[in-house]
Amino acid sequence: MNEPQWNQEAETFARVWQRVSPDLDASPIQPAPLPALPPGDQRTEVLRELITAETIQWRRCRALAQQTGQRALTHLAEKKLRRAKQLAAVLFLRCQVWYLPLSDRRPANHRPPQQQMSRTGYSALFHGAQALQVRYEGAARQAQPPELALFRSAVEELTQEQRVLLGLLSRHSR
């Protein structure tokens, strides 16, 4: 019950992926070992959770962009990766630990029915962006000035991402 939301999402995705494809190495979400952080530092833990959430969303967005060929998703994936890298830099400056759980592995080229997959994928990305926005807003309430600007910028970008995703959803609901 106290498990972070991003961890639950990753586990749920892994279970679904295993039902769809027995090749776990082809999954767009790969577990990453967590580097040691200074004990008891809440701000570093928040940064690590945000980095993990951004990279999960980046993988989802990138995979869906590859499946659908939507240029808008490619741009969203680039923004998510940029935010994850910015957060990783802030974490590194705070505790000298580099944490950016990226994988060069790409999902298998399995294509379910295009209309159904893209609608479900857009919806998942939209809900993920909403959840991330709430996390950034909460983190901004407790942030110091250097991180505060990054968190506020992320909230604005996520608002724009949600608009783009709603547009994609509305085009695929017909």
Listed partners of Q162 passing side chain to side chain donor-acceptor pair (under 3.5 Å), at least two apart: Q133
CA sep, side-chain torsions, deciding dist, call: Y99, T52, side chain to side chain contact (heavy atoms under 4.5 Å, CB included): CA-CA 9 Å; Y99 176 66; T52 302; 2.7 Å; yes
Side chain to side chain contact (heavy atoms under 4.5 Å, CB included) between V90 and F92, intermediate numbers included: CA-CA 5 Å; V90 170; F92 182 78; over 6 Å; no
Shortest non-hydrogen separation from A53 to L132 and the atoms involved: CB-CD2, 3.7 Å
Parallel, tilted or perpendicular: rings of Y136 and F151 (30°, 60°): tilted
Reported CG-to-CD distance for the pair L47 and Q42, which is rounded to 0.5 angstrom: 10.5 Å
Heavy-atom pair of closest approach, residues L76 and C61: CB-SG, 3.6 Å
Exercise: identify the closest heavy-atom pair between A129 and E161: CB-OE1, 4.5 Å
Within-4.5 Å side-chain heavy-atom neighbours: L73 and L168: yes
Side chain to side chain contact (heavy atoms under 4.5 Å, CB included) assessment of K85 paired with E54: CA-CA 9 Å; K85 287 179 177 180; E54 286 286 3; over 6 Å; no
Side-chain heavy atoms of V97 within contact of T44, under 4.5 Å: no
Salt bridge (Lys or Arg N to Asp or Glu O under 4.0 Å) against R82, all qualifying residues, sequence neighbours excluded: E157
Side chain to side chain contact (heavy atoms under 4.5 Å, CB included) between L81 and T55, worked out: CA-CA 7 Å; L81 181 58; T55 57; 5.7 Å; no
Nearest heavy atoms of V164 and A72, plus distance in Å: CG1-CB, 4.0 Å
E49 CD to I51 CD1 distance, which is reported to the nearest 0.5 Å: 10.5 Å
Distance-minimising heavy-atom pair for Y122 and L64: CD2-CD2, 3.4 Å
Quiz item: cation-pi between R62 and W58, 6.0 Å / 45°: yes
Any side-chain donor near an acceptor of the partner, Q160 and R163, under 3.5 Å: no
Minimum heavy-atom distance between V46 and A139, given as atom pair plus value: CG1-CB, 3.8 Å
Within-4.5 Å side-chain heavy-atom neighbours: R43 and Q144: yes
Criterion side chain to side chain donor-acceptor pair (under 3.5 Å) on Q57 and R60, from CA distance to verdict: CA-CA 5 Å; Q57 283 290 93; R60 289 177 180 168; 3.2 Å; yes
